Trainee: 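This is the structure I have questions about; it appears just below.
We name chains A, B, ... by the order of the sequence lines, and we start the count at 1 in each one. Since this is a predicted model, take the numbers as computed values, not measurements.
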There are 2 protein chains.
Amino acid sequence: MKEKATSFDIAHLAGVSQSTVSRALNNSPLVNLETRERVQRIAQELNYKVDKNASNLRKQKSSTIALLLFEDPTSDDSMINPFFLAMLGSITRACAKANYDLLVSFQNLEDDWHAEYEDSNKADGIILLGYGNYTDYQTKVAQLESQGTHFVRWGAPDKDHPGVSIGCDNYQGGQSITEHLIALGKKTFAFIGDNGVHAPEFMARYRGYTDTLEKHNLTAKSVQRNAISTEDDGSDAVRSLIECNELPEAIVCASDLIAMGALRALRRANINVPQDVAVVGYDNIAVSAYTTPALSTVQQNTNLAGELLVDTLLRAINNEKVEDYLMPADIIIRQSCGSE
Amino acid sequence: MKEKATSFDIAHLAGVSQSTVSRALNNSPLVNLETRERVQRIAQELNYKVDKNASNLRKQKSSTIALLLFEDPTSDDSMINPFFLAMLGSITRACAKANYDLLVSFQNLEDDWHAEYEDSNKADGIILLGYGNYTDYQTKVAQLESQGTHFVRWGAPDKDHPGVSIGCDNYQGGQSITEHLIALGKKTFAFIGDNGVHAPEFMARYRGYTDTLEKHNLTAKSVQRNAISTEDDGSDAVRSLIECNELPEAIVCASDLIAMGALRALRRANINVPQDVAVVGYDNIAVSAYTTPALSTVQQNTNLAGELLVDTLLRAINNEKVEDYLMPADIIIRQSCGSE
DNA sequence: CTGAAAGCGCTTACAG
DNA sequence: CTGAAAGCGCTTACAG
């Protein structure tokens, strides 16, 4: 195993100064074409790579962005929400395309994020990804902002929220799927999911749902059940619906995971979906295509989202003006709502 | 937004030299307790963080490991295999526990991995994760080794393979699930999955399967169909089984994704699982618990795997002796094999 | 177009 | 226990 080559080694071999090597390797137009090619050839032969630490230290930037995945402390620790995993994939790809490295880290909301702002040195900017309660981490985000850290957050844009947000139009998603159910002739509804201030995404979906019902004069027949976001929560909520004799014609779930639980509880109670009751979810996670019946749901375009997040952050890093962006939500119709 | 503080700023405020600041911040026992505490307090007040680039450059290490996720070029580009996603989660957590950062990057087998050895500067070691053909990337891995790069690979340990491998016992997994089916009284079998040299994991599962059949004198009634690893492959293979009138009592799939496709093709052909035919998968991806019927499968313990991978790599980085490790595979029995 | 020199912010022998 | 100094490997004004 040879010592790792430095730019001085190349300079020596190429018969030029180390400055010229650096310029040649960075494709500076200042350097003579022939010299540049010679230097690059030698660098390749030696399998030389610039030392990122040195280069970053000198340039005072890292060409790296950090992804902070924080999970709601109530969610199942062992399994990451598949939606975030999909986002992670698209973010990874978007970073690669932009020639940025991606540092990934999981955080709990309670954690001391200091461990991560520390990344202001290791990363040029931060992507914040996770559902959860604004107010819980607002102070931390505000601190990021006051430190001048560049960051973008995944979530519903919100005037009160510091920094830039990219999100999916949860209100419109809730509207669209509810409109679809109404068009299918459903008259009574239940919504399963937290509609409180602690889950703004869910709340927006809920508002889209209730506003649409209201528009069609169907509000009176709607009930709502709380469920955080796990399968068990969904199952419990549906069981309670059954026990209270409040089972409606259509159940709108705030997430696919909740809908999985709802389907399970209905199956156990020998209630047929979609014949007896229609069920819809939200997120279009991979599983939703494989349930029986396959779940109708609302899709957030994770590929687009990843690109948008990375592009926006990169523009922010370059001190360009960046703005919130709200992506449209698309409904995916499968069997669970009985449209066929 | 203030300028970022440096160790000199702290030295100035604390009335000590910059060297002492550095030592105090690194908890060097050399420095007087009182001085150390004063320095640390001031550092905290200024929200000072050591510049990782400078520190890494000086120490010539990065406290970062890189994860190279390479995907088989034949697999569906848009969706990452959920198994790898689960691994990614556990690796992320294991890194965090060890106070290492994780750089994530996706690679195609065709890619020039140079872009990543480049990480020898940015990362102290590399984790290689992905199914696929050894021979395809063997030269690249050999090059990693010859450069003295520290790396660990996820996959079946193999004497011919350069470097250290951590993997799951695919042979034993194939055995266990086949034994279970035989115990249930199944007499005729089909295996769906590539059993060639290009997919060593699948081949090991296949050998576990055939050896077990042989042990029970059931070989004659076994057929094998090729399928790379996607759902469509599994569906195609089962259709062909049906068309050729070769449908057995039990179908052993080399992966859960293949099994998903198998279930779909059987449902379309109005063949009942598990009454008419038993189906089992491999991987225990999240989806497998939600199919109808729920899929019996073989689990690789991703949490343990992530920890093992990180621990082993870290030991390799410290130039400790590291060895291949083969994790046991556990069977997960659900409804699709008709045991209930 | 090229070179000599400064300096990014640390850590760590070396000397006291 | 502490300080002055060197140096990690680059990039980039500055001067020619």
Side-chain angles (χ1 to χ4, degrees), chain A residues 2-40 42-43 46-64 99 101 117-124, chain B residues 2-40 42-43 46-64 99 101 117-124:
Chain A
K2 297 188 299 248
E3 285 298 305
K4 207 155 48 185
T6 73
S7 53
F8 282 95
D9 299 328
I10 299 181
H12 185 69
L13 287 170
V16 293
S17 75
Q18 181 266 340
S19 334
T20 301
V21 170
S22 175
R23 280 190 278 256
L25 260 21
N26 286 299
N27 281 315
S28 160
L30 285 173
V31 55
N32 178 292
L33 180 64
E34 193 211 326
T35 314
R36 191 196 320 178
E37 284 173 349
R38 182 157 38 94
V39 169
Q40 292 187 344
I42 294 175
L46 292 188
N47 197 21
Y48 168 82
K49 305 290 173 213
V50 291
D51 183 307
K52 288 291 178 188
N53 288 134
S55 154
N56 292 341
L57 173 58
R58 179 54 230 247
K59 288 195 292 195
Q60 294 293 78
K61 65 186 289 275
S62 63
S63 291
T64 299
N99 249 314
D101 285 315
Y117 326 142
E118 183 170 348
D119 282 325
S120 11
N121 305 323
K122 291 184 286 186
D124 299 331
Chain B
K2 296 187 300 242
E3 284 299 305
K4 207 154 48 187
T6 72
S7 52
F8 282 94
D9 299 328
I10 298 181
H12 185 72
L13 287 169
V16 294
S17 76
Q18 182 267 340
S19 334
T20 301
V21 170
S22 176
R23 280 191 279 256
L25 261 20
N26 287 299
N27 281 315
S28 161
L30 284 173
V31 53
N32 177 292
L33 179 63
E34 193 213 325
T35 315
R36 191 194 321 176
E37 283 174 349
R38 182 156 39 96
V39 168
Q40 291 187 344
I42 294 174
L46 292 187
N47 198 21
Y48 168 82
K49 305 289 174 213
V50 290
D51 183 308
K52 287 291 178 188
N53 289 132
S55 153
N56 292 341
L57 173 59
R58 179 53 231 249
K59 288 195 291 195
Q60 295 293 77
K61 67 185 288 275
S62 63
S63 291
T64 300
N99 249 314
D101 285 315
Y117 325 142
E118 183 171 348
D119 282 326
S120 11
N121 305 322
K122 290 183 288 186
D124 298 332

Trainee: Could you tell me if the side chain of A:Leu25 sits less than 4.5 Å from the side chain of A:Gln40, heavy atoms only?
Mentor: yes

Trainee: Checking A:Gln60 now: which residues fulfil side-chain contact (heavy atoms from CB on, under 4.5 Å) with it, not counting sequence neighbours?
Mentor: A:Leu57, B:Asp51

Trainee: Taking the nucleotide of DNA chain D with the closest heavy atom to each, which residue, A:Lys59 or B:Leu57, is nearer the 5' end?
Mentor: B:Leu57

Trainee: Output all residues satisfying side-chain contact (heavy atoms from CB on, under 4.5 Å) with A:Thr35, sequence neighbours left out; order by chain, then residue number.
Mentor: A:Val16, A:Thr20, A:Val31, A:Asn32, A:Arg38, A:Val39

Trainee: When Watson-Crick pairs (N1 to N3 and N6-O4 or O6-N4) and G-U wobble pairs (N1-O2 and O6-N3) count only below 3.5 Å on both distances, what is the dot-bracket string of DNA chain D, with | for other-strand pairs?
Mentor: |||.||||||||.|||

Trainee: Can you give me the closest heavy-atom contact between A:Arg23 and A:Leu30, atom names plus distance?
Mentor: CD-CD1, 4.3 Å

Trainee: Under 4.0 angstrom, heavy atoms only, what part of the nucleic acid is B:Ser22 near: base, sugar-phosphate, or nothing?
Mentor: base

Trainee: Can you measure from CG (B:Leu46) to CG (B:Leu13) and round to the nearest 0.5 angstrom?
Mentor: 6.0 Å

Trainee: Which value, rounded to the nearest 0.5 Å, describes the distance between A:Lys52 atom NZ and A:Thr64 atom OG1?
Mentor: 8.0 Å

Trainee: Give one of base, sugar-phosphate or nothing for B:Asn56, where a contact means two heavy atoms less than 4.0 Å apart.
Mentor: nothing

Trainee: Closest heavy-atom contact between A:Asn27 and A:Arg36?
Mentor: OD1-CD, 3.7 Å

Trainee: So, for B:Ser63 and B:Asp124, which heavy atoms are closest and what is the spacing to 0.1 Å?
Mentor: N-OD2, 2.8 Å

Trainee: Taking for each residue the nucleotide of DNA chain C bearing the nearest heavy atom, is the 5' side occupied by A:Arg58 or by B:Val21?
Mentor: A:Arg58

Trainee: For a 4.0 angstrom threshold against heavy atoms of chain B, report the outermost contacting nucleotides of DNA chain C in 5' to 3' order.
Mentor: C:dG9 to C:dA13

Trainee: Enumerate donor-acceptor pairs with a distance under 3.5 Å from any side-chain N or O in residues 5-12 of chain A to protein atoms, sequence neighbours excluded.
Mentor:
from, atom 1, to, atom 2, distance (Å)
A:Thr6, OG1, A:Phe8, N, 3.1
A:Ser7, OG, A:Gln18, NE2, 3.1
A:Asp9, OD2, A:Thr6, N, 2.8

Trainee: Pick the C1' atom in D:dT12 and in D:dG16, then give their distance to the nearest Å.
Mentor: 16 Å

Trainee: What residues in residues 12-20 of chain B put a non-hydrogen atom under 4.0 Å from any atom of DNA chain D?
Mentor: B:Val16, B:Ser17, B:Ser19, B:Thr20

